[in-house]
Amino acid sequence: NPHWVNSLTGTSNGAEITLERRAIDGFNGWLSYAWNDSRYDDPASPGHPAESFPSDFHQRHTVNAFVAYRWSGRTSLSARYRYGSNFPIAGYVGQDANGYVLSSERNGTRLPSYARLDFRADRAFTYRKTRATLFIEVINATNRENYRPSGFGVNTLSRRVSNPLETVFPLLPVAGVLIEFSSISVRRTAAERLSNIRRTVVSCPDDGNAVRLESADVSHDCGTLRAR
């Protein structure tokens, strides 16, 4: 296809650091920070100057944090926080005082930063081989407006760009139950049968001592098994 050329090259660099505390009971959690720099290079071609621009999924800063408190194996509370400097609006989109417009710079305008705080409480109940976990969760507890890219339209006369982004879910309370069933499959192997064998020494009338093996599966007497 003469209208499509696979000419992009790029580089990506990043680093991540994580701090974590693990505990069976009490407080546990982790905190992580990631830095990323991801860019594309498009060489010059007839009617098209060379370009260097952030990749479509370039997010410079990302922070994740999680903390939980567990009273026992049955009850726990937890909170999770996410932050991202967010991605570019893919394409030649700029911004002015009146909104979004066409621009000569590719991926030059970013989505507003993303941040979300969630809370969750769990309570487990066990009955025989069944475990039921009741949970209550609040997603986006601060009711922050976060955005994601949207298929936008362009007015070629005014060069205005309409609706390049849309909001994601607002504060969202959730409640539910998780039911788990456990089953134990018992399989008796040859090794297990041998582990149940009792080894004793008995007196045989003609050959002295012999080894006698006794179990539900194996039984030998002096006439069939001799000591070496």
Side-chain angles (χ1 to χ4, degrees), residues 12-38 54-91 93 95 99-100 107 109-153 161-185:
S12 182
N13 299 286
E16 183 175 5
I17 183 172
T18 301
L19 301 175
E20 184 175 10
R21 183 183 189 275
R22 296 183 180 181
I24 298 176
D25 293 322
F27 282 104
N28 64 87
W30 48 266
L31 172 66
S32 71
Y33 168 76
W35 174 87
N36 173 263
D37 183 29
S38 177
S55 67
D56 294 351
F57 297 99
H58 171 235
Q59 181 166 264
R60 181 64 57 88
H61 306 288
T62 304
V63 176
N64 282 281
F66 173 81
V67 62
Y69 184 81
R70 183 182 296 275
W71 278 279
S72 64
R74 294 178 176 271
T75 307
S76 65
L77 295 174
S78 62
R80 182 179 182 122
Y81 178 75
R82 303 171 178 87
Y83 169 83
S85 53
N86 228 324
F87 309 117
I89 299 176
V93 178
Q95 192 172 14
Y100 295 94
N107 290 5
T109 302
R110 287 186 176 272
L111 295 166
S113 61
Y114 180 97
R116 197 179 101 191
L117 177 64
D118 302 337
F119 293 107
R120 180 175 173 126
D122 294 83
R123 173 67 178 177
F125 302 89
T126 303
Y127 178 72
R128 294 184 178 178
K129 297 181 180 180
T130 303
R131 182 182 177 91
T133 302
L134 302 178
F135 67 88
I136 299 175
E137 190 169 10
V138 180
I139 300 174
N140 192 17
T142 61
N143 199 28
R144 176 187 169 93
E145 284 193 346
N146 292 305
Y147 298 89
R148 65 183 178 187
S150 175
F152 55 82
V161 175
S162 59
N163 303 320
L165 48 86
E166 62 184 6
T167 58
V168 295
F169 49 80
L171 185 150
L172 181 63
V174 179
V177 58
L178 173 66
I179 301 178
E180 300 169 277
F181 301 95
S182 63
S183 60
I184 301 176
S185 176

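Position 1 is the first residue of the sequence; numbering continues from there.
Under the side-chain hydrogen bond (donor to acceptor under 3.5 Å, both in side chains) criterion, Y33 pairs with H61, sequence neighbours left out. For the side-chain hydrogen bond (donor to acceptor under 3.5 Å, both in side chains) test, residues two or more places apart in sequence or in another chain that qualify with N146 are R144. Not counting sequence neighbours, T109 has no partner by the side-chain hydrogen bond (donor to acceptor under 3.5 Å, both in side chains) test. Y114 is linked by a side-chain hydrogen bond (donor to acceptor under 3.5 Å, both in side chains) to R116, counting only residues two or more places apart in sequence or in another chain. Partners of R110 under the side chain to side chain contact (heavy atoms under 4.5 Å, CB included) rule, at least two apart in sequence or in another chain, are P54, H58, P88. Under the rule for a side chain to side chain contact (heavy atoms under 4.5 Å, CB included), the partners of W71 that lie at least two apart in sequence or sit in another chain are Y69, T75, L77. Listed by chain and number, the residues in a salt bridge (charged side-chain N to carboxylate O under 4.0 Å, His left out) with D56 amount to none (sequence neighbours excluded).
Here the CZ atom belonging to F87 is positioned 10.5 Å from the OG atom belonging to S38, to the nearest 0.5 angstrom. Here the CG atom belonging to N36 is positioned 9.0 Å from the OG atom belonging to S85, to the nearest 0.5 angstrom. Distance CD1/I89 to OH/Y100: 4.5 Å, rounded to 0.5 Å.
More than 12 non-hydrogen atoms from other residues, nucleotides or ligands lie less than 6.0 angstrom from CG of L134. For F57, the CZ atom counts as loosely surrounded, since its 6.0 Å shell holds 12 or fewer non-hydrogen atoms of other residues, nucleotides or ligands.
The list of salt bridge (Lys or Arg N to Asp or Glu O under 4.0 Å) pairs with a residue in residues 69-81, not counting sequence neighbours, is empty.
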Side chains of residues 163-179: which donor-acceptor partners sit under 3.5 Å, not counting sequence neighbours?
| from | atom 1 | to | atom 2 | distance (Å) |
| --- | --- | --- | --- | --- |
| E166 | OE2 | R148 | NE | 2.9 |
| E166 | OE2 | R148 | NH2 | 3.2 |

Less than 3.5 Å apart, which donor and acceptor atoms pair up between the side chains of residues 17-24 and the rest of the protein, not counting sequence neighbours?
| from | atom 1 | to | atom 2 | distance (Å) |
| --- | --- | --- | --- | --- |
| E20 | OE2 | R22 | NE | 2.9 |
| R21 | NH1 | F27 | O | 2.1 |

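Here the shortest heavy-atom pairing between S162 and F152 reads O-CB, 3.1 Å. Considering all non-hydrogen atoms of both residues, P112 and Y147 come closest at CG-CD1, 3.8 Å.
Ion pair R120/D118 not flagged as a salt bridge, since none of the NZ, NE, NH1 or NH2 atoms sits closer than 4.0 Å to an Asp/Glu carboxylate oxygen.
Judged by distance alone, with hydrogens and angles left aside, the side-chain atoms of Q59 form a donor-acceptor pair with the main-chain N or O of N86 at under 3.5 Å.
Contact annotation: the side chain of F119 never approaches that of E137 to less than 4.5 Å [non-hydrogen atoms, C-beta and beyond].
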